[in-house]
Amino acid sequence: MFRRLAFASALLVESSSPWTVGPSPSRGRACTLAPKKRGRGVGSRQSLGPRTRTAASTPTEAAHLTELTSAQAVDQAAWGSPEFWSQAAAAIPGLDSDDPAYARLRGFARNLRSAAPGERVTLPTGQEVLKQYLYPGLQPEDDGGDCGGGGGGVPRPPFLDGGAFAEVGAWASWLEQEVAPLARAELAQCLRPDRAPLLRDDSQAEPERLADAAAGTWERAAWDGWQFLMLRSGKRWMPGTAEALRRGPLPLAHRFVGVARQRARCAGPLHSDHRNYMVSTLTGLVVPEGLCGIEVAGVGAVLAEGETLVVDNTFMHKVYNDGAADRFVLMVEAYHPALSSLERQALTVLFALKDRFTVLEVGMAPWGLPVEDLRAAAQNGSIHGMDFWLNPLATRDASPPSRHAANAPEDNAPRAEPEAAALATTAVAATTAGGGGRRSGGFGGSQGARQPSKKQKSTKNKVNKT
C-alpha cells in the first residue's frame, strides 16, 4: 500500500533531524496520488487472459483494481526519473558498465525504464508477465519473444524443488524446521483480541483499511476472504519470525513477506504475479488437513501444516480452502534461484533505492513501511542513508547513530552470499538532490546517505515556524 505522508508536518515538528520528509521542495511539486497499494493481478474467478483484465466481482476486488492503477503511477515516478537512475548507477556497480556479470540486470533496468507500464505478455511456457518487469535470461532458450527474456536456458517448472535448483531444497527444509514452529506460536499470540485480530471481511470502509495498514495489522487485499499481515510493518507482533527471516538463508525479495490468511470455504481468483525474477514460498502454519491447496498451471498441490511449497507465481494460479476453518500460511517472496548472488544483492539495493525515492521525492510511504519507523529514521537521520531501507525487518529505535557508526558495517547489513559479502558491506558515495555523486566499487550502504540541499533545509525550518 502506498500512503500519502499526511503525518509529515507533525513528523517535521517532532523530529530533531535537520532534514525534511515528504515531497522534495527542490522539485516544487505536491503529491496528488491517492493512497493506494502495490497489487497482485486480480479479477473475477476465472482465468485472466493475456493483456486483458476482467471486471471486478466484489467491492474488495474493485478497490484493488483502482489501487493497481495508483501503484503503477507511483512506480513510474521512480522508473521514469533520470535522477533515480543516477542514484541507482552510483549505488550499483556495473549498472551502466559493460561488466558481463550485470548484463541481465542492465536488461531488466532497460525494461523498467522503457517498457509500457501494465502491458502483459504470455510467454511460450504459459507464464504471464508484465513486460516492464521481465528479467532477461531467466527463461528457457526459446522463450521471451521480443521482450529480451530469452537465451537463459533456465527451466521454469510450476513447482520448484531441489531437483532443478539444489538451493530450493535447503530453503524448504529451513522454513519447515526452523521458522514454521516459531511462526505458528507467534501467530497464535498475534490473533488474540487484544493484539492484532483479523479484520471483518464484510467491512470495506477505506479509512479503516488505511488505518489498519498503517498500524501494522491485517489488511484486506486482492479478493474477498484474503487478508495479509505484512511483517515489514507488523514485525512487533511476530518479532522472532521476522528476525529469523532476516538472518536466514532465504533471499528475501521486495514484495510479500508475511502471513496470508484465507477464509474458510473460499477460493481465490486465477491470476499471475507477473514478475519472473521472484518465486513464492508457502509454509503451512494453520491448515485444515487435506482441504487446502494451490493449483499452478493446472497442476495441484495440497498445503499442509509445517510443510513448504515453492511456487513459480508467474504461472496462472489460485488457492482454495474447502475447510470449515481459516487457513494461515507464511508467504515469502524470494529471488529466483537462477539469479546470481550479485544480481540478488543489486536487486535488493535497487528496490531499496526505489522505496527511499518514493518517500523523499514522491511523498508517499510504500506499502508495509511503518509510520513509527519513518519517524525514528527522520529523527536520527538514517532516512537519507541506505541501511534503513535495506533492512525492512530489522527492529528500529530512535537513538541517533554514533559518530563512527556511519563508517562501520552494521550487524543488520543485508545478507549476501560469500562472493557478494564484501560488496554488500562496502559503502558507496551519496547522490545529491541534483542526482550527482561519485562512484564506488560496492553496493549502497551506510555512507550512501543522500544529503538534502540547502533549499530543503530552509524549507523545513519554514515549515516548523508555521
Side-chain angles (χ1 to χ4, degrees), residues 91-95 101-102 104-105 108 133 135-138 152 154-157 159-180 183 230-232 235 241-258 273 275-283 308-314 329-355 368 386-387 389-394 409-426 442-445:
I92 303 173
L95 189 60
Y102 295 90
R104 298 191 300 191
L105 180 71
F108 181 59
Y133 287 89
Y135 199 99
L138 290 184
V154 176
R156 301 296 306 212
F159 293 92
L160 288 76
D161 55 29
F165 305 99
E167 187 178 16
V168 171
W171 294 351
S173 296
W174 174 74
L175 285 166
E176 292 170 354
Q177 297 170 18
E178 303 296 331
V179 182
M230 188 75 158
L231 287 185
R232 187 179 188 180
K235 54 183 174 281
T241 304
E243 183 67 7
L245 290 171
R246 187 175 73 86
R247 294 185 177 276
L250 194 64
L252 307 181
H254 60 92
R255 296 209 318 160
F256 288 91
V257 179
D273 291 358
R275 289 158 173 81
N276 71 329
Y277 56 90
M278 297 190 298
V279 297
S280 286
T281 69
L282 305 175
T283 303
T308 296
L309 296 174
V310 183
V311 176
D312 187 331
N313 58 24
T314 56
V329 298
L330 179 66
M331 186 171 82
V332 180
E333 288 189 328
Y335 288 120
H336 196 282
L339 291 168
S340 71
S341 59
L342 288 176
E343 288 174 304
R344 297 176 196 179
Q345 190 69 22
L347 286 171
T348 298
V349 172
L350 181 69
F351 285 103
L353 282 168
K354 177 178 170 293
D355 279 349
M386 283 301 294
D387 288 335
W389 303 101
L390 286 168
N391 296 282
L393 294 183
E410 295 191 2
D411 175 64
N412 63 358
R415 297 181 314 279
E417 287 77 358
E419 60 266 38
L423 289 176
T425 55
T426 301
F443 289 111

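- Using a 4.5 Å heavy-atom cutoff, the side chains of W171 and V279 are in contact.
- Of the possible donor and acceptor atoms, one in the side chain of D312 sits under 3.5 Å from a partner among the backbone N and O of T314.
- Residues T283 and V179 form no side-chain contact, since every pair of their non-hydrogen atoms from C-beta on lies 4.5 Å or further apart.
- With R156 contributing its side chain and L138 its backbone, the two residues share a donor-acceptor pair below 3.5 Å.
- Of all heavy-atom pairs spanning P136 and R104, the tightest one is O-CD, 3.2 Å.
- Looking only at side-chain heavy atoms (C-beta outward), L252 and L393 come within less than 4.5 Å of each other.
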side-chain contact (heavy atoms from CB on, under 4.5 Å) assessment of L175 paired with L245: CA-CA 9 Å; L175 285 166; L245 290 171; 4.2 Å; yes
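- The two residues L105 and E343 make their nearest non-hydrogen contact at N-OE2, 4.2 Å.
- The shortest distance between side-chain heavy atoms of L347 and Y135 falls below 4.5 Å.
- For A253, the side chain to side chain contact (heavy atoms under 4.5 Å, CB included) partners are M278, E333, Y335, not counting sequence neighbours.
- Shown here are the side chain to side chain contact (heavy atoms under 4.5 Å, CB included) partners of A101, two or more places apart in sequence or in another chain: D99, L342.
- Across all non-hydrogen atoms, the minimal contact from A338 to F165 is CB-CE2, 4.2 Å.
- Interatomic distance, CH2 of W174 versus CG of L250, reported as 6.0 Å (0.5 Å rounding).
- Between V332 and V310 there is no side-chain heavy-atom pair separated by less than 4.5 Å.
- In this structure, OG1 on T281 lies 10.5 Å from CD on E176, to the nearest 0.5 angstrom.
- Remark: side-chain polar atoms of R246 are not paired, donor with acceptor, to backbone N or O of P392 under 3.5 angstrom.
- R255 is not listed as a side-chain neighbour of F351, based on a closest heavy-atom distance of 4.5 Å or more.
- In this structure, the side chains of K354 and H254 stay at 4.5 Å or more apart for every pair of heavy atoms.
- In this structure, L282 CG and F159 CZ are separated by 9.0 Å, a value rounded to the nearest 0.5 Å.
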Go through F108 and L350 one step at a time and tell me if the side-chain contact (heavy atoms from CB on, under 4.5 Å) criterion holds. CA-CA 11 Å; F108 181 59; L350 181 69; 4.2 Å; yes
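- Smallest separation of non-hydrogen atoms from A346 and I92: O-CD1, 3.5 Å.
- Tested against W389, the residues T348, L353, D355 include a single side chain to side chain contact (heavy atoms under 4.5 Å, CB included) partner, D355.
- Proximity of a side-chain donor or acceptor of S280 to a complementary backbone N or O of V311 within less than 3.5 Å is not detected.
- Note: L231 CG to E243 CD = 12.0 Å, rounded to the nearest 0.5 Å.
- Between A352 and M386 the shortest heavy-atom distance is CB-CE, 3.8 Å.
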